[in-house]
Amino acid sequence: MDAAFFTAWLAECAAVVAAHRDRLTELDAAIGDADHGANLTRGFTAIQEAAVPARAPADDPTPTPAPTSGSPLPPGKVVSAAGSLLIRKVGGASGPLYGTALRSMGQALGDAPQVSPADLATALEAGVVAVERLGKAAVGDKTMIDALRPAAAALALAVQDGVKLEEALDRAAAAAEAGARATAPLRARKGRASYLGERSEGHEDPGAASAALLVRALHTVAARW
Amino acid sequence: MDAAFFTAWLAECAAVVAAHRDRLTELDAAIGDADHGANLTRGFTAIQEAAVPARAPADDPTPTPAPTSGSPLPPGKVVSAAGSLLIRKVGGASGPLYGTALRSMGQALGDAPQVSPADLATALEAGVVAVERLGKAAVGDKTMIDALRPAAAALALAVQDGVKLEEALDRAAAAAEAGARATAPLRARKGRASYLGERSEGHEDPGAASAALLVRALHTVAARW
Amino acid sequence: MKKLLNDPGDAVADALAGLAAAHPGLRVDVAERVVYRATMTPGKVGLVSGGGSGHEPLHAGFVGYGMLDAACPGEVFTSPVPDQIVQATTAGHGGAGVVHIVKNYTGDVLNFELAAELCAEEGVEVASVLVDDDVAVQDSLYTAGRRGTGATLFVEKIAGALAEAGAPLAEVAATAQLVNGRSRSFGVALSSCTVPSAGKATFALPADQVELGIGIHGEPGRSRAGMGTARELAGLAMDAVHGDLPLEGDLLVLVNGMGGTPLLELYVIFAEVEAYIRGKGARVSRSLVGSYVTSLDMQGFSVSVCRLTDELERLWDAPVETPGLRWGR
Amino acid sequence: MKKLLNDPGDAVADALAGLAAAHPGLRVDVAERVVYRATMTPGKVGLVSGGGSGHEPLHAGFVGYGMLDAACPGEVFTSPVPDQIVQATTAGHGGAGVVHIVKNYTGDVLNFELAAELCAEEGVEVASVLVDDDVAVQDSLYTAGRRGTGATLFVEKIAGALAEAGAPLAEVAATAQLVNGRSRSFGVALSSCTVPSAGKATFALPADQVELGIGIHGEPGRSRAGMGTARELAGLAMDAVHGDLPLEGDLLVLVNGMGGTPLLELYVIFAEVEAYIRGKGARVSRSLVGSYVTSLDMQGFSVSVCRLTDELERLWDAPVETPGLRWGR
Ligand SMILES: Nc1ncnc2c1ncn2[C@@H]1O[C@H](COP(=O)(O)OP(=O)(O)O)[C@@H](O)[C@H]1O
Ligand SMILES: Nc1ncnc2c1ncn2[C@@H]1O[C@H](COP(=O)(O)OP(=O)(O)O)[C@@H](O)[C@H]1O
Ligand SMILES: [Mg+2]
Ligand SMILES: [Mg+2]
Ligand SMILES: [Mg+2]
Ligand SMILES: [Mg+2]
């Protein structure tokens, strides 16, 4: 995978988040504050808009926008620049959490021009660990971690088993989707939903739902690559 | 008619106003401020409550409550005391208007212990003139005058023709009711309804409706007297 | 009906008890429904106003230094009775007479007139000033005249400052009249309100419509229109104001919430109003954004504009200390 | 959805434009969404707060003498981003460091933390104070902790007065912390609110039910109960407060409207709250009744109580001059 793969991923993220905006907001209305769809749409749209002017000047010290395909930026920089932009544009809980996830993934990818499936698995693991560290949530707390953690585990396992990329990402996405669905019966222990106590039970977590969309987007791009 | 007749009338007014409270308020909601039923209920209830302790001390200079049956107060005093109480308890447009009507009726009745049909016709005329003078409304302006003016005219005519009291008051009440109904198509020129301009058309005036109730109450009492 | 009340019939009395408990600067006669300053200023012209309840903070919330001396709240949307007005006036009389500030509604006018007669009999000189700023109503032989709405606040504040400065009765009344004459208002409702004693909404408004030219008693407006953007609705209101009194010079502007409108939305409207006024070559010199002259829980806004003079601006800026309006002390 | 807005996506920017036009005492960077005092005081400890929009007048309406130096409003119900907070902090830094007043929500905490790190890198000393006064939430390992609600106003006012008096960073932060520790809140909703970007009500509430233990983001509460009288609802709220922090001595009490609640009803609630407090042998020493920490157009109320000390009372009484709170000047 080169930088263009990740640029395509970010574009796919923007598309699916926009397409699922209302559903994410409705999930957030049930156990949060009805802004998750708007938050992520704002963030991923900003990444797309920043990507238009193509390559940032080399000596620009501010977080670099994700470049269009063909940019000389390495994949790691594309991803971490997108993370910085999420932090700068989203706000709320999901902004710093997803932003940190992407930044940590980008850092893990480093400056290499090409990313192997194993690199990707390592990077996703790093991203998830960073979210766990920042948000102090564990699986079962009814957060995005319930989707991200199984996704990272499934990808690592598939890659270790030598499964080819598209199939490996399909397994990761399926794990994320199962994890998201499994949040429904849980009682939240982190984020706004925790304020509801037992009333949070019976509703899928919006952040877990969006995390599943983002992992599925990785698979979607791999499938047509 | 003696003082007991007018005391009975005031009690009947309280009963019909309470029974029609919601309808009067709904009429007022359509072209006014949704308080006419509450206003009149408050006023006529206050008259009933003041009537309970029977007779006021003779040297009490404040407006005297309407006495219970058997009081030595003449009919005129019973009626004008009730008018004063309306002014003191109702507020809004209808408080001073109905209060003044009753006070003027009472003054016209004077100190006589008995009231003839002709006296009553004269008193009603005096009450209506006082309302016209205070509110500056004429027939067709879509106010209580549209019910009160024809009622006074019908009573005067019937009495002049020697019609017996119950029948005369029935004619007065019928005239008031017809006048009230006839306000529906009119465009209001006085009171709150005038603010609505042509949107006031198609709704019966609440004050005309309540005026018809009060005149009908006179007939009801006469019928069982 | 869902309201924070005990018995709906006790709404006014219970709110007055709360007002009394919250504001040591006020003296409240809950039984007689009169609100006074805790300390009166002898020799000063008194300022008394009143009207139906449901418009809070108007009027009781404007009792205090630099504004009213006493207020008498009636039942919800029902003018006070003469007894209340007389009691407020007698207390507000510091020997120099009392100005009655009366919003132009039949009920208010009649009850204040009756009260003024009684006060005169008791030797209290009363000057009455009618407020009738609402341009939505045609002022003609065929109406009860224009309604008193948002500009009532302007009149009470500015006349209050002048009375505080020691001006005589005639001058305070004349200035109150002047403020009214230089002020215009227009209101827009997004929803009806619910009168507690009625128990249900006064009117029903479809989700895509607004009432234009509403007053402050939950009555329907002059007409209905499709829901518009803040810019469009503010434009309609300002066109009505400007069409009646051209916007010129330095203006005092109130963007007023009707009781159920969040402040965020009022600021959005204010931005539009200010841009409109600039577009006409006039200037917002003083302003107020908030819910000051309300109609229970109605959602919507009104705009009131007063063409200031240097003197009126100075009086507007003078210190005021009331529950609803406070600056300079 | 019926709101006084242009494009719902521009709600915050448009409202900030209105805020700027209405208040010459503020400087507003509409593009970057930071609100500052027009004139800063060098050498003074800076006070910066922020959070999602939709709570007006909190926080931007509390920028001014005696309260905040700068505020950064995020999108509706979405905490500000670190850039905004850094910009507000840098401007609010008069050389003596800056206190961040942060309501305890995951998003606010994370964004303020990131910002504080960036500020530290730029050499600005930042002390963060978390506000978590809402007793409806169990403060346990199994929640994100208690929410910051109405007491935020207490913290901003009192810490602001202390900073104005020249106290050093640590002392201002410690006092802010003290106020938070002595304060508790509880909220009740009669209706949901509607987030502009969502376009419909966050939850539906039957006509005969209320949500108990709501926060300020339109989220459902801890439980649902039947609609009650003002006395009953105030009693439920006060029981929750008193159960967590016994009411004793002199209290500062805020009866706060959620955005769509008329003042008349808030005074009815205040009367009940005051009677409740007297019944517990404590005393309302200072109070505030109005809509200060809101949740868009939600109908309902919250009660916040702070157990005062002489020092805190003195700081509460100190002059303040902001769009949302003003006295003493
Ligand atoms: N401490 C946490 N750790 C991990 N994820 C969290 C945490 N707190 C919240 N989240 C996630 O954030 C989501 C909410 O995001 P969003 O609605 O955008 O922010 P906010 O809650 O500030 O409105 C939740 O559904 C949850 O998945
Ligand atoms: N100038 C007037 N002359 C005669 N009747 C009037 C006048 N103005 C109003 N009314 C009557 O008063 C009625 C309204 O009474 P009410 O609702 O109790 O008072 P308010 O209008 O102050 O709320 C109207 O329906 C009308 O019949
Ligand atoms: Mg959310
Ligand atoms: Mg009426
Ligand atoms: Mg009325
Ligand atoms: Mg949020």
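These numbers were taken from a predicted model, which means no experiment stands behind them. Letters A, B, ... mirror the listed sequences (proteins, then strands); counts begin at 1.
A distance-only check finds no donor-acceptor pair linking the side chain of A:Ser194 to the backbone of D:Thr143 [under 3.5 Å]. A distance-only check finds no donor-acceptor pair linking the side chain of A:Asp33 to the backbone of D:Gly218 [under 3.5 Å]. Of the possible polar contacts, one joining the A:Arg199 side chain to the D:Gly221 backbone as a donor-acceptor pair under 3.5 Å is found.
Counting heavy-atom pairs closer than 4.5 Å to chain A, the top residue among D:Asp108, D:Leu110, D:Val137, D:Thr106 is D:Leu110. Between chain D and the options A:Ala38, A:Gly191, A:Ala137, heavy-atom pairs under 4.5 Å are most frequent for A:Gly191. The greatest number of non-hydrogen atom pairs below 4.5 Å with chain A, out of D:Asn111, D:Val109, D:Val195, D:Val76, is found for D:Asn111. In terms of heavy-atom pairs under 4.5 Å with chain D, the best-connected choice from A:Ala188, A:Gly92, A:Ala93, A:Ala34 is A:Gly92. For the options D:Gly9, D:Ser197, D:Ala198, heavy-atom pairs under 4.5 Å to chain A are most numerous at D:Ser197.
In plain terms, the two heavy atoms of A:Gly32 and D:Pro220 that are nearest each other are O-CD, 4.5 Å. Closest approach of A:Asn39 and D:Thr78 over heavy atoms only: OD1-OG1, 3.0 Å.
Taking the ring-ring contact (aromatic ring centres under 6.0 Å, His included) definition, one finds that D:His55 meets it with D:Phe77, D:His217, sequence neighbours left out.
When heavy atoms are compared at a cutoff of 4.5 Å, D:Asp139 does not approach chain A at all. Heavy atoms of D:Ser223 lying under 4.5 Å from chain A belong exclusively to its backbone. Using a 4.5 Å cut-off between heavy atoms, D:Tyr105 contacts chain A through both its backbone and its side chain.
To the nearest 0.5 Å, atom OG1 of residue D:Thr202 and atom CG of residue A:Asp35 are 9.5 Å apart. Taking CZ from A:Arg88 and CG from D:Leu114, the interatomic distance works out to 13.0 Å, rounded to the nearest 0.5 Å.
By the 6.0 Å contact criterion, NZ on A:Lys190 is enclosed, its count of non-hydrogen atoms from other residues, nucleotides or ligands being greater than 12.
For residues 126-141 of chain A, the pairs satisfying side chain to side chain donor-acceptor pair (under 3.5 Å) are A:Glu132-A:Arg149, A:Asp141-A:Arg189, with sequence neighbours left out.
Cation-pi geometry between D:Arg222 and A:Tyr195 is not met at under 6.0 angstrom from the ring centre and within 45 degrees of the axis.
A salt bridge links A:Glu26 with D:Lys200: at least one charged nitrogen is closer than 4.0 Å to a carboxylate oxygen.
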